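Here is the structure we will look at, set down as structure tokens.
Just so it is clear, the structure is predicted and the values come from calculations on it, not from any experiment. Whatever order the structure lists them in is the order used to number ligands and atoms, beginning at 1.
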Amino acid sequence: MSEEHVAHESLAARASQPIRVGVLGFGGLGQAAARVLAPKQEMIWVAAADQKGFAYDPSGLNPDACIQTYHAHGSLGYLEGLGVLSDNGIQDLIEKGDAVEGYFLALPNLPNDFIASVVRQFMAAGWKGVLVDAIKRTSAVEQLLAMKEELQAAGITYMAGCGATPGLLTAAAALAAQSYAEVHSVKITFGVGIANWEAYRATVREDIGHLPGYTVEQARAMTDAEVEALLDKTNGILTLENMEHADDVMLELAGICSRDRVTVGGVVDTRNPKKPLSTNVQITGRTFEGKISTHTFTLGDETSMAANVCGPAFGYLKTGVGLQRRGLTGLFTAAEVMPHFVR
Ligand code: NAD
């Protein structure tokens with residue numbers, strides 16, 4: 001049998017296997033990711049790392065056992081039989097988790113170049129595969145865009161901005177734009193309801209970094225008591241306007257409109273799982289006949305932030321694996337390719 005034939009057969013064998021995925025960060029989104037993957041046939045969750053350790057089992061991790069362990073002890077490193085305590089969980093997992101084809105980076109981007117530094121770790125280790133983030137800030141996506149050629153050379157297929165916003169709503173805007181000859185504005189308004197802020201500490205801290213008078217660094221440095229004191233003053237509500245959100249650079253890069261036509265804002269209720277308003281994106285433009293119109297895509301109020309972030313993240317991971325298997329590496333954004341549905 002020729003070498004080419006053997007390579008072709010192993011590719012075909014791989015394609016029929018579930019995709020082995022890992023999750024970096026095991027807070028609110030990381031845990032939701034484990035639950036989202038549990039009923040899937042096309043993906044199997046085999047690895048996760050948090051700040052104090054990691055767990056890896058190429059035949060699959062048990063979400064309940066992992067979540068219970070994390071809640072009881074604060075790290076997956078305590079998982080019986082499989083957990084490893086480590087201050088360098090990500091690095092250790094990159095080295096040990098050789099079966100992992102793709103990772104969802106459910107990590108805080110604090111400081112604002114943290115995710116970019118994690119990506120450098122993957123490249124330095126010679127790891128090849130798919131990485132997906134749900135990163136939010138324009139400046140954070142720009143750091144990754146600058147690494148496009150290095151990622152390509154490293155054999156990594158990187159899917160950027162693949163949560164809800166940026167992510168699902170950006171992709172919806174890209175699709176809606178097809179009706180128009182010119183896109184005048186893309187307006188994203190999100191409503192998030194969570195029962196308590198501790199379940200999504202990084203998300204809440206990063207949102208505080210968008211409030212007038214706050215920076216990412218200030219939000220990062222706030223103690224939990226300071227975050228609570230701020231939320232007490234606002235009755236648990238964060239109102240965000242004109243946010244620095246990467247939907248703008250992603251839509252500009254996809255050729256849909258210039259970034260100044262994209263606005264993002266929203267309301268986060270940190271004390272009530274009910275959404276304070278319906279998340280939506282409005283795409284206004286001019287058709288070829290000269291008519292001005294607006295398409296609106298509204299998410300169902302019953303869908304949680306976790307559902308609208310983790311679903312797209314794994315949809316884009318599946319797309320990324322398809323690109324990677326065809327030899328396409330480098331960086332892609334959620335506005336550039338469609339997420340594939342994970343069965
Ligand atoms: P969280 O605070 O609940 O959890 C963070 C996890 O990361 C924890 O398990 C922590 O131990 C781990 N971690 C921190 N530093 C680490 C390190 N050095 N090595 C390994 N693990 C480390 O976070 P969250 O609220 O789930 O948010 C995760 C990210 O998702 C945030 O950056 C947030 O902005 C983003 N997010 C994006 C969207 C979107 O629509 N694009 C929506 C919500 C959240």
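For residues 39-60, the pairs satisfying ring pair (Phe, Tyr, Trp, His ring centres under 6.0 Å) are Phe26-Trp45, with sequence neighbours left out. Sorted by first and then second residue, the pairs that involve residues 124-182 and meet ring pair (Phe, Tyr, Trp, His ring centres under 6.0 Å), not counting sequence neighbours, are Tyr103-Trp127, Phe122-Trp127, Tyr180-His295.
Atom CG of Asp260 has more than 12 heavy atoms from other residues, nucleotides or ligands within 6.0 Å. With a 6.0 Å radius and a threshold of 12 heavy atoms from other residues, nucleotides or ligands, Glu241 has its CD atom at or below the threshold.
At a 4.0 Å heavy-atom cut-off, the residues surrounding ligand 1 are Gly25, Phe26, Gly27, Gly28, Leu29, Asp50, Gln51, Tyr70, Ile90, Ala106, Leu107, Pro108, Asn109, Phe114, Ala134, Lys136, Gly163, Ala164, Thr165, Pro166, Ala199, Tyr200, Arg201, Ala202, Thr203, Glu206, Met305, Val309, listed by chain and number.
Under a 4.5 Å side-chain heavy-atom cut-off, the cluster of Ile, Leu, Val, Met, Phe, Trp and Tyr residues that includes Leu85 is completed by Tyr78.
Taking the charged nitrogens against the carboxylate oxygens, Glu206 and Arg137 have no contact shorter than 4.0 Å, which rules out a salt bridge.
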